Amino acid sequence: MARRKKIYEGKAKILYEGPEPGTIVQYFKDDATAFNAEKKDVIDGKGVLNNRLSEFFMTGLTQIGIPNHFIRRLNMREQLVRNCEIVPLEVIVRNYAAGSMSKRLGIEEGTQLPRPIVEYCYKDDSLGDPLVTEEHIAAFGWASQQDMDDILSLALRVNDFMSGVMLAVGIRLVDFKIEIGRVFEGDYQRLIVADEISPDSCRLWDIETGQKLDKDVFRRDLGSLTDAYSEVARRLGVLPSNNVTKPTLIN
């Protein structure tokens, strides 16, 4: 088999040309990074877990009519997705104060917000993905007003879905980040959820104990990241409960 052409390599994933026009193969790495890649490690099995969890969430979005780039999982670490033009924004939905919001606004972590708050960051690692307003987005042409209306709607719909799914398994969805892609069907542009949805891009806390089940485990040296992600997968039924300690064996 001919070796696929690499299109892009990021901190957690590698993108390759897909087997069909308009597709990309997304490969999940075991690399873990935090604080704009100042902290790095390789966590055995992390990529396998994120591949399976992102498949689970994206499939769920499809089932309720939320458009996204996921087509199908190919193997333990790869999935086939639609090629799209990524809007240069990170879209963050916050249900509880945590992380940078708590630091910026002096709100105690875990404080429930009056309503979900949507924030936007400009995607640029060299700048540390700075927080931006809709005024910045419009002024610099990163997205139109119609795009922003659609992005807000998508983000809140994803939040409703994710909050319900996680609540059902005893996990609080504190916040999450998604990326949005543009796909073109003839002259018609459509916005879809892209990139991934996984514990790498969410804050997930056990409702009873407050235990963190997301990348904060790595950021704050709170224990085994693989164990945390495996626990999320076990509760969601993504991995068999008797084999969560060795996710690399699951296909």
Side-chain angles (χ1 to χ4, degrees), residues 1-33 37 40-91 123-125 129 151 154 158 161-162 176-186 188-202 214-215 218 225-226 229-230 232-233 236-239 246-251:
M1 179 184 289
R3 190 173 184 85
R4 289 191 299 268
K5 180 181 177 183
K6 182 162 71 174
I7 299 172
Y8 172 78
E9 181 167 359
K11 294 190 287 281
K13 293 184 295 297
I14 304 174
L15 303 181
Y16 297 96
E17 282 187 349
E20 302 130 25
T23 66
I24 284 177
V25 173
Q26 185 166 257
Y27 174 92
F28 288 77
K29 304 194 298 185
D30 281 343
D31 299 47
T33 64
K40 302 178 184 179
D41 202 353
V42 177
I43 311 294
D44 186 39
K46 171 180 169 288
V48 174
L49 287 161
N50 280 349
N51 185 23
R52 294 299 296 267
L53 285 164
S54 193
E55 173 195 17
F56 174 84
F57 292 126
M58 292 291 189
T59 299
L61 294 183
T62 298
Q63 290 171 348
I64 62 170
I66 298 178
N68 61 83
H69 74 163
F70 181 79
I71 299 173
R72 65 180 181 274
R73 182 171 59 85
L74 298 175
N75 53 49
M76 292 191 300
R77 293 182 179 276
E78 294 179 327
Q79 52 184 237
L80 188 69
V81 300
R82 292 186 69 178
N83 189 9
C84 57
E85 175 190 312
I86 297 293
V87 177
L89 299 171
E90 292 182 346
V91 182
K123 277 178 57 65
D124 189 319
D125 285 344
D129 301 323
I151 288 170
L154 280 172
V158 172
F161 166 74
M162 291 285 294
F176 67 92
K177 169 185 74 71
I178 56 174
E179 294 185 15
I180 302 295
R182 295 186 179 99
V183 292
F184 296 89
E185 297 161 353
Y188 176 70
Q189 173 195 287
R190 189 182 191 198
L191 295 179
I192 63 175
V193 179
D195 193 45
E196 69 176 293
I197 299 177
S198 76
D200 266 11
S201 56
C202 304
D214 54 69
K215 201 164 74 168
F218 173 71
L225 193 67
T226 303
Y229 287 19
S230 293
V232 175
L236 294 170
V238 173
L239 296 181
K246 293 189 177 181
T248 51
L249 300 180
I250 304 297
N251 191 2

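Everything quoted here is computed from the prediction, not taken from an experiment.
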Please report the interatomic distance [atom1]([X]) to [atom2]([Y]), rounded to the nearest 0.5 Å.
X	Y	atom1	atom2	result
M58	Q79	CE	CD	7.0 Å
Q26	N83	CD	CG	11.0 Å
H69	E179	NE2	CD	9.5 Å
F57	S201	CZ	OG	8.5 Å
I86	Y8	CD1	OH	10.0 Å
I151	L191	CD1	CG	5.5 Å

Side chain to side chain, [X] and [Y], heavy atoms closer than 4.5 Å:
X	Y	answer
D195	S54	no
L236	L53	yes
I24	C84	no
I180	L89	no
I197	L61	yes

Ignoring hydrogens, what is the shortest heavy-atom contact between [X] and [Y]? Give both atom names and the distance.
X	Y	answer
F28	G47	CB-O, 3.3 Å
Y27	Y16	CB-CE1, 3.9 Å
D214	Y229	C-CE1, 3.7 Å

Under the side chain to side chain contact (heavy atoms under 4.5 Å, CB included) test, which residues partner [X], sequence neighbours left out?
X	answer
T62	N68
I71	T23, L80, R82
Y188	E185, R190
Q63	T59

Set of salt bridge (charged side-chain N to carboxylate O under 4.0 Å, His left out) partners for [X], sequence neighbours left out:
X	answer
K11	D125
D41	none
E78	R4
E85	R182

Candidate list D31, D200, D30, test salt bridge (Lys or Arg N to Asp or Glu O under 4.0 Å), partner K46, passing option
D200
Which residues share a side chain to side chain donor-acceptor pair (under 3.5 Å) with E196, sequence neighbours left out
K13, S198
Side chain to side chain donor-acceptor pair (under 3.5 Å) against K40, all qualifying residues, sequence neighbours excluded:
none
Would you say N51's side chain and N75's backbone share a donor-acceptor pair under 3.5 angstrom?
yes
side-chain contact (heavy atoms from CB on, under 4.5 Å) assessment of K177 paired with V91:
CA-CA 5 Å; K177 169 185 74 71; V91 182; over 6 Å; no
